[in-house]
Amino acid sequence: MHNINFIRENPTEFDNYMKQRGEHPISNKILELDKVKRETQTVLQNLLAERNSFSKNIGKLKSENKDASSEMSKVDEIKNKINNLKELETIKDEELKTILSRLPNIADKTVPLGSNEEDNTKYREWGEKPGFEFKPKTHFELGEDLGLMNFETASKLSGSRFVLLKNQLSKLERAIANYMLDKHTNDNGYIEMHVPYLVKADTLYGTGQLPKFAEDLFTAGDDHWLIPTAEIPLTALHSNEILNINQLPMRVTSYTPCFRSEAGAAGKDTRGMLRQHQFTKVELVSLVEPEHSKDELERMLSCAEGILQDLHLHYRVMTLCTGDMGFNANKTYDIEVWLPGEDKYREISSCSNCGDFQARRMNTRYKLENKNIFVHTLNGSGLAVGRTLIAILENYQMKDGNIKIPEVLKKYFNNSDTLI
RNA sequence: GGAGAGAUGGCUGAGCGGUUGAAAGCACCGGUCUUGAAAACCGGCAACGGGGCAACUCGUUCGUGAGUUCGAAUCUCACUCUCUCCGCCA
């Protein structure tokens, strides 16, 4: 949610920012609504003040056993006006909120301008593509050949975009998650959380998924929605609260399943387990003071990169351009891991600074010298577990189709060198 | 699922339908005292919004939403949540 004061003071600048994000100029409409609302509010409040003073007077007169009928009839007159203005104010306020709640965050100055992923820029890269003496297979070829990855059974149970992992692959998924959580909690200062996977619409509004992106979500009825990422419950932990400054920075992590309808992705990545309705992810979330959020984004990115480095997986970091960034973010880095089977880089983590955009929506503030200040929120995958499993399969495959186990994961496999 | 109790400021907790935005205590901030700290004492301390250059002022908010009333934290209704007991249960 945007600060209306900023729009009042910088309407043209605001429109330019929105244009970068692919929106039409709208500040005129916003300011007109804002003006009418405020004018209405001023008149309304004066009437309320008048009514209150009459009412107080009535109370006084009655306690003195005097006649108050003329005061009472005056209040009666005011009442109609009050009701009409109240209605008008509510309507204008709702119109305003409808518009504001659907506008994306403003991009940071350091974000490259652009309209789609073609315009993303490379921030850095690490490692190099592994060489193979044979043609590397895709993860689903490897998984199916090993008999440990099964799409038919999953689709029998649940339809398309689900997968069944068996035995050592199921264990690998668990080992990856454990490794990530251990690292983030032991070395990176994150507190592990076990969170609800169903949340209320209010919560999703706060983090920005609603009202605009309802079609991307699964709902379980009765105002229960399946989380598309642990970012939702983690970021909203302190919604409608005023934190003490010594609670910041707050760094939390959680390993959860994520549920996404993939509404706009028909026909995309239909083979394999790259794009599923359900996947697991270790999520990182930070709440920080405004002046620290830029540094925190770099820190978070490094925490995510650290996992890939430990796994010796080659990757590059992309700075998303204004047109490719998500709704909430003022800046986003995507980490793209190299997948030799696909012969492509694929997103395995996305780290975003949301500034105070989400904090305004969910009303999370902290107290500083008697002032209440919106926190800045950041979220990042550290990492997507399913895609990490894919990356390990494709990068650690051997000619015979067996998979080497990365050094740091061996402890979860009785120090075995290979999966089978 | 059945029966009962409750929801008030950062926390605990008072609150006859009429200066109650709300007592008191704790916490917190400032000050006095002290070599320093503690204790004691004094003072301050809700949020959001409108108007104003400002001092300031007005409005809204006592779980949420409706209603009664000239006036609601206080009365009525609905909903949500929490707690206790019983039943069921991973």
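Being a predicted model, the structure only gives us computed values, none of them experimental. In the text below, chain A, chain B and the rest are named by the order of the sequence lines, each starting its count at 1.
Remark: B:A47 base-pairs with B:U60; criterion is Watson-Crick or G-U wobble with both hydrogen-bond distances under 3.5 Å. In this entry B:G36 has no Watson-Crick or G-U wobble partner, no candidate having both defining distances under 3.5 Å. Using Watson-Crick or G-U wobble geometry with both donor-acceptor distances under 3.5 Å, B:G30 finds its partner in B:C42. Under the Watson-Crick and G-U wobble criteria, each requiring two contacts below 3.5 Å, nucleotide B:U84 is paired to B:A3. Under the Watson-Crick and G-U wobble criteria, each requiring two contacts below 3.5 Å, nucleotide B:C77 is paired to B:G65. For B:C16, there is no paired nucleotide, since no Watson-Crick or G-U wobble pair has both relevant distances below 3.5 Å.
Residue A:N363 is out of contact with every strand shown, counting any heavy-atom pair closer than 4.0 Å. If you check every strand for non-hydrogen atoms under 4.0 Å, A:K74 touches nothing. As judged by a 4.0 angstrom heavy-atom cut-off over every strand, A:I58 is placed among the base-contacting residues. Note on A:R360: nothing from the nucleic acid sits closer than 4.0 angstrom, heavy atoms only. Contacts of A:E71 with the nucleic acid, taken as non-hydrogen atoms under 4.0 Å apart, are absent. At the heavy-atom level, A:N52 lies under 4.0 Å from the strands shown only through sugar-phosphate atoms.
When the P atom is used for both B:G13 and B:U8, the distance is 9 Å, rounded to whole Å. When the C1' atom is compared between B:U68 and B:A78, the two are found 15 Å apart, to the nearest whole Å. Taking the P atoms as reference points, B:U74 lies 29 Å from B:C26, given to the whole Å. For the P atom pair drawn from B:A55 and B:C45, the interatomic distance equals 16 Å after rounding to whole Å. B:G21 sits 16 Å from B:U57 when the P atoms are compared, rounded to a whole Å. When the P atom is used for both B:U76 and B:G18, the distance is 16 Å, rounded to whole Å. Rounded to whole Å, the C1' atom of B:A23 lies 14 Å from the corresponding atom of B:A73. To the nearest whole angstrom, the two C1' atoms, one in B:C53 and one in B:C62, are 35 Å apart.
Nearest-nucleotide mapping onto RNA chain B: of A:R8 and A:K200, the residue sitting toward the 5' end is A:R8. Checking A:N372 against A:N5, the closest nucleotide of RNA chain B that is more toward the 5' end is the one next to A:N372.
The side-chain tip of A:K171 points at the ring of A:F413 from less than 6.0 angstrom away and within 45° of straight on.
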Report the C-alpha distance between A:T138 and A:E394 in whole Å, list the side-chain angles of each, state the deciding distance to 0.1 Å, and finish with yes or no for side chain to side chain donor-acceptor pair (under 3.5 Å).
-> CA-CA 6 Å; A:T138 62; A:E394 295 197 7; 5.2 Å; no
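Within the structure, ring pair (Phe, Tyr, Trp, His ring centres under 6.0 Å) contacts touching residues 200-230 of chain A (residues at least two apart or in different chains) are A:F213-A:F327, A:F218-A:H277. Judged as a side chain to side chain donor-acceptor pair (under 3.5 Å), the pairs with a partner in residues 285-300 of chain A (not counting sequence neighbours) are, in order, A:D108-A:K294, A:Y123-A:E298, A:R251-A:E296, A:S286-A:E296, A:S293-A:N353, A:S293-A:H376, A:E298-A:Y333. Within the structure, no pair that satisfies the side chain to side chain donor-acceptor pair (under 3.5 Å) test touches residues 189-200 of chain A, not counting sequence neighbours.
Among residues two or more places apart in sequence or in another chain, the side chain to side chain donor-acceptor pair (under 3.5 Å) test is passed with A:R346 by A:D269, A:E342. Partners of A:F279 under the side-chain contact (heavy atoms from CB on, under 4.5 Å) rule, at least two apart in sequence or in another chain, are A:C258, A:R260, A:K281.
Side-chain N/O atoms of A:N105 and A:Y17 include no donor and acceptor closer than 3.5 Å.
With a heavy-atom cut-off of 4.0 Å to chain A, the contacted part of RNA chain B has its first and last nucleotide at B:G18 to B:G71.
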